[in-house]
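Taking it in order: structure first as structure tokens, then the write-up.
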There are 2 protein chains.
Amino acid sequence: MRNMGRTSGDPTPDGVPERLVQATIRLLAEQGPSAIKARTVASASGLSTMAVYHHFGGIAELIRAVADRGFTELDRAFSQVPVTEDPIADLFAMALMTRRVARENPHLYDLMFGLSTRRATYRPLSDSDVRSSGRSPAFRGAYVHLAEACARLVSSGRIGQQEPEAVAAQSWSYVHGCITLELADHFAEFADPVAQVLLPMGVNLAVGLGDDRERAQASHEAGARLYDSVTRGSEDQAVAE
Amino acid sequence: MRNMGRTSGDPTPDGVPERLVQATIRLLAEQGPSAIKARTVASASGLSTMAVYHHFGGIAELIRAVADRGFTELDRAFSQVPVTEDPIADLFAMALMTRRVARENPHLYDLMFGLSTRRATYRPLSDSDVRSSGRSPAFRGAYVHLAEACARLVSSGRIGQQEPEAVAAQSWSYVHGCITLELADHFAEFADPVAQVLLPMGVNLAVGLGDDRERAQASHEAGARLYDSVTRGSEDQAVAE
DNA sequence: CCTGCTACTATAACGACGTTATCGAGAACA
DNA sequence: TGTTCTCGATAACGTCGTTATAGTAGCAGG
């Protein structure tokens with residue numbers, strides 16, 4: 001609650017809050033949200049339950065910090081996608097990145113976009129952890145990647161003249177909907193949900209936005225190659241253990 | 001757990017399980033998921049906590065029954081949409097219906113599609129409440145409306161020849177993504193998320209699937225009229241209190 | 001050295017929760 | 001009437017989030 005427990009060094013801080021957040025993320029991935037208890041995360045971190053309350057204020061704030069960490073990881077995943085001359089390929093690569101992050105910790109993704117962690121509690125949310133527009137800095141860091149890619153797409157003239165925010169909202173809705181339904185096992189009838197739903201739907205959306213089908217199809221393949229090159233290059237460097 | 005507490009009368013059964021489910025739904029809508037406790041739903045139903053365990057087995061099963069009731073309401077909402085000669089208009093009306101159900105009880109919608117209620121617990125899910133394909137009968141009842149509309153769309157020849165299941169998955173993903181992001185306040189920048197995101201994106205998806213933009217636009221307006229006629233005709237008869 | 005202060009943590013406790021054991025009320029039936 | 005069963009109320013147990021209390025370590029000044 002007071003400071004971060006570290007005097008210097010920004011990458012991979014080894015402070016107590018960091019240990020609590022990472023232990024919570026690990027419990028979330030291994031045992032689901034029902035395993036997140038004050039005593040559980042404390043003992044998994046080698047600490048007492050008081051550490052949770054001194055550094056975060058309670059379990060609710062811890063969970064919110066964990067969800068925010070999820071957006072930080074999404075931001076880092078988006079940062080690995082290079083900016084090419086094909087905005088739709090970039091968007092496809094970001095879609096596959098989002099799916100990778102979601103599948104690495106489905107419960108964390110559920111926490112990031114669920115309602116229970118936002119306004120469920122009685123907080124007036126006028127605190128300092130919510131800065132300018134009601135969303136956390138980590139969230140906006142990830143969102144600007146999407147918004148900038150959509151802005152590049154509109155300014156390229158490849159699709160019709162329309163608001164970049166609307167394009168971003170549609171792209172985001174399509175990816176988020178696909179991922180959520182896949183995580184909830186609603187795409188069990190598809191052997192390869194990416195090849196059968198996510199990517200064809202992206203091509204359809206691009207065509208609906210005004211792109212040519214051939215170019216959209218080519219961007220889909222370019223985006224898949226972009227994703228492969230990025231993920232193969234870093235090869236589980238994001239896994240912390 | 002044993003019977004339904006009623007001897008006859010299928011519509012609006014007044015048994016104890018029904019009272020518990022409706023009390024839970026009401027608490028969910030008014031105070032969020034954190035208000036769902038055994039003592040809370042019991043006292044809200046004028047009963048003791050034992051009623052929950054006699055009829056459901058525990059809070060987890062109650063919540064699952066509540067989520068299933070959500071699909072029952074979605075099924076009933078879809079049943080109110082008539083089958084016209086314009087499948088895309090029908091799909092637009094169903095999309096608006098889904099958004100209406102979701103906004104009537106956002107936390108219930110979150111429960112229906114979240115991960116926490118499915119495989120979070122340690123159940124092997126080989127029970128009898130999951131019948132044929134891993135989904136509840138109520139879910140499949142709602143889903144067939146979507147699947148049949150997509151089958152009508154494909155067989156109409158209006159879009160390209162493609163698998164109806166893929167069309168259904170894409171339609172579902174798009175609507176579910178839009179609704180989820182809107183419920184999580186991620187569309188706060190849009191004054192009218194329906195007119196600015198949901199409906200234009202539906203037109204784009206229809207165009208991407210192979211429809212003409214003019215016909216898709218006309219179906220969008222026809223679907224909106226269809227939705228208005230249905231909802232204005234029943235006018236809060238679904239609200240149980 | 002001791003003293004006071006700060007930052008943080010462990011221990012123990014309190015109230016609330018999910019769950020269960022036990023028992024009583026009422027119906028069905030012989 | 002007696003038996004059995006269903007069902008729900010009461011009370012209890014263990015766990016949870018949270019808090020009060022007390023303790024440890026480091027540091028400044030004497």
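Every chain is numbered from 1 and lettered A, B, ... according to where its sequence line falls, protein lines coming before strand lines.
At the phosphate of dT9(C), OP1 or OP2 sits under 4.0 Å from a side-chain N or O atom of His55(A).
When the P atom of dG17(D) is taken as reference, atom CG of Leu62(A) falls 11 Å away, rounded to whole Å. Atom P of nucleotide dA25(D) and atom CG of Leu47(A) are separated by 16 Å, given to the nearest angstrom. One interatomic measurement links the two molecules: CD1 of Ile63(A) to P of dC16(D), which rounds to 14 Å at whole-angstrom precision. Between the C1' atom of dC7(D) and the CZ atom of Arg19(B) lies a distance of 13 Å, rounded to the nearest Å. We find that CD of Glu18(B) is positioned 16 Å from P of dC7(D), with the value rounded to whole Å.
Within the 6.0 Å centre-distance limit, the rings of Phe139(A) and His186(B) are counted as a close aromatic pair.
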Exercise for review: Sugar-phosphate atoms are those with a prime plus P, OP1 and OP2; base atoms are the rest. Using that split, label each nucleotide of nucleotides 17-25 of chain C B, S or - for protein heavy atoms under 4.0 Å, 5' to 3'.
Suggested key: BBBBB----
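Distance CG/Leu62(B) to CZ/Arg64(B): 11.0 Å, rounded to 0.5 Å.
A salt bridge links Arg69(B) with Glu18(B): the closest approach of a Lys/Arg side-chain nitrogen to an acidic carboxylate oxygen falls below 4.0 angstrom.
The salt bridge (charged side-chain N to carboxylate O under 4.0 Å, His left out) contacts involving residues 90-99 of chain B comprise Asp90(B)-Arg152(B), Arg99(B)-Glu182(B), where partners must be two or more places apart or lie in separate chains.
Looking at residues two or more places apart in sequence or on another chain, you find a ring pair (Phe, Tyr, Trp, His ring centres under 6.0 Å) between Tyr109(A) and Phe113(A), His176(A).
Between Leu96(A) and Gly223(A), the closest heavy-atom pair is CD1-O, 4.4 Å.
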